[in-house]
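So the structure is just underneath, and the comments pick up after that.
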Protein chains: 2
Amino acid sequence: MADGKAGGTKSGEALLFLTDEQLRKGIEAMFFAYRGFTADPDRILEEHGYGRAHHRALHFIARAPGTNVNNLLGILGVTKQSLNRVLRTLIDDGLVESRIGVQDKRERHLYLTETGKILEGEIAEVQRARMRAAYRKAGHEAVSGFRRVLEAMMDPDQTEFFNALSGKED
Amino acid sequence: MADGKAGGTKSGEALLFLTDEQLRKGIEAMFFAYRGFTADPDRILEEHGYGRAHHRALHFIARAPGTNVNNLLGILGVTKQSLNRVLRTLIDDGLVESRIGVQDKRERHLYLTETGKILEGEIAEVQRARMRAAYRKAGHEAVSGFRRVLEAMMDPDQTEFFNALSGKED
DNA sequence: TTGGAATGTCAACAAGGCTGACTTAAACTG
DNA sequence: CAGTTTAAGTCAGCCTTGTTGACATTCCAA
């Protein structure tokens, strides 16, 4: 409390003078934007009787086909039991296939079926569409700033997952 | 599908060439960042036996003291029954005060009590701290891009609430 | 061969969304 | 003034998605 505020130091270039008000706007922007971000997927999922948890599973299985359950648990940050319920549904509905590991037969490797790929693709497309539109509205010079702030906001372990998923090149 | 890709056109300045891969990274960044964004508040809330729903109510009451229930419903995008449960708890616990309207006695105007202000302030501070740190890490030129993309991602009605809450000046 | 890891399953529970139905009080309107 | 609409609250019940705890199975590795 006693620290910020006054810019006793040098330049003004590297130092950010962020009022609580500016920070609060950023916070509220995150809140409202996240709602928009999930709105389109939610609509499609609802038609199929699924929720966000199903989407998250589909997304990351699509992203890393053959991933095992433990890895998925780490990424999603939920309990085994919670994920299992969702996964069970997706497997029973024929959207996800669970193959027993070859080297380690305890592990189950997860893949999307053709049906699974269709639904995942449909959802991914509306989500990309919104992202595309947002980038376009904001201007391309906004994109890198957006991404940099988001990455800086993650917890370190989340950042690891994020980077591990990245296809290296951006 | 047949359109994007090839940059047949002029410059390259105004046009964005966004691969699905780049969009996907933005999507995943949103996912992981939002988790970071809520992590600190969640911790504090848990100590008090509250959840995110309580935080959202506290936040917007703090932001717009004297707001009525209907307005809050609009901002939060939940049902009356859902909000009521949370509000009931906060009122019973003495964090929120509900005053009958003067002009319109049907309305209830909501205010934080001193206790409510303390908890809200505590949560707001850790959230601002993370936002501040993220801005600092990302560099100040990233901030405006971040904000512009988020605003562009909102649904129009959410944008309205967002702007209505803003103290005009940024 | 035994300990531990990975997975799955059952049961129970809680938070926080939802819908629908209904009440009360106040305000508005013809 | 009567009737309708609006704001809020409440009751009951449902769903998703998170949580714990207990326990079985499988199978790798020391």
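Here is how names work: the chains are called A, B, and so on, in the same order as the sequence lines, proteins then strands, and each is numbered from 1. Source: prediction; values computed, not measured.
The distance between atom CG of A:L110 and atom P of C:dA6, rounded to the nearest whole Å, is 15 Å.
Taken residue by residue, residues 68-91 of chain B places heavy atoms nearer than 4.0 Å to DNA chain C at B:G77, B:V78, B:T79, B:Q81, B:S82, B:R85. Contacts of residues 40-60 of chain B with DNA chain C (heavy atom under 4.0 Å): B:G51, B:R52, B:A53, B:H54, B:R56.
A salt bridge links B:E21 with B:R24; the closest basic N to acidic carboxylate O contact falls under 4.0 Å. Residues B:E125 and B:R130 are not paired through a salt bridge, judged by the lack of any N-O separation under 4.0 Å between the basic side chain and the carboxylate. Comment: B:D155 does not engage A:R35 in a salt bridge, judged by the lack of any side-chain N to carboxylate O separation of less than 4.0 angstrom.
Side-chain atoms of B:D93 never come within 3.5 Å of backbone atoms of B:L95 as a donor-acceptor pair (strictly under, hydrogens ignored). Panel note: side chain A:H48, backbone A:L45; no donor-acceptor pair is recorded below 3.5 Å.
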Verify side chain to side chain contact (heavy atoms under 4.5 Å, CB included) between A:I27 and B:M131, making sure each step is shown before the conclusion. CA-CA 7 Å; A:I27 289 166; B:M131 196 62 76; 3.6 Å; yes
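The cationic atom of A:R99 (NZ for Lys, CZ for Arg) lies less than 6.0 Å from the six-membered ring centre of A:Y111 and within 45° of the ring axis.
Dense packing is recorded around CD of A:E47, with more than 12 heavy atoms of other residues, nucleotides or ligands lying under 6.0 Å away.
Each of B:F37, B:F60, B:F161 was checked for a ring-ring contact (aromatic ring centres under 6.0 Å, His included) with A:F31, and the lone residue meeting it is B:F60.
Remark: the A:H109 side chain and the A:E97 side chain contain no N/O donor-acceptor pair separated by less than 3.5 Å.
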Close N/O contacts between protein and nucleotides 25-30 of chain D (under 3.5 Å):
none

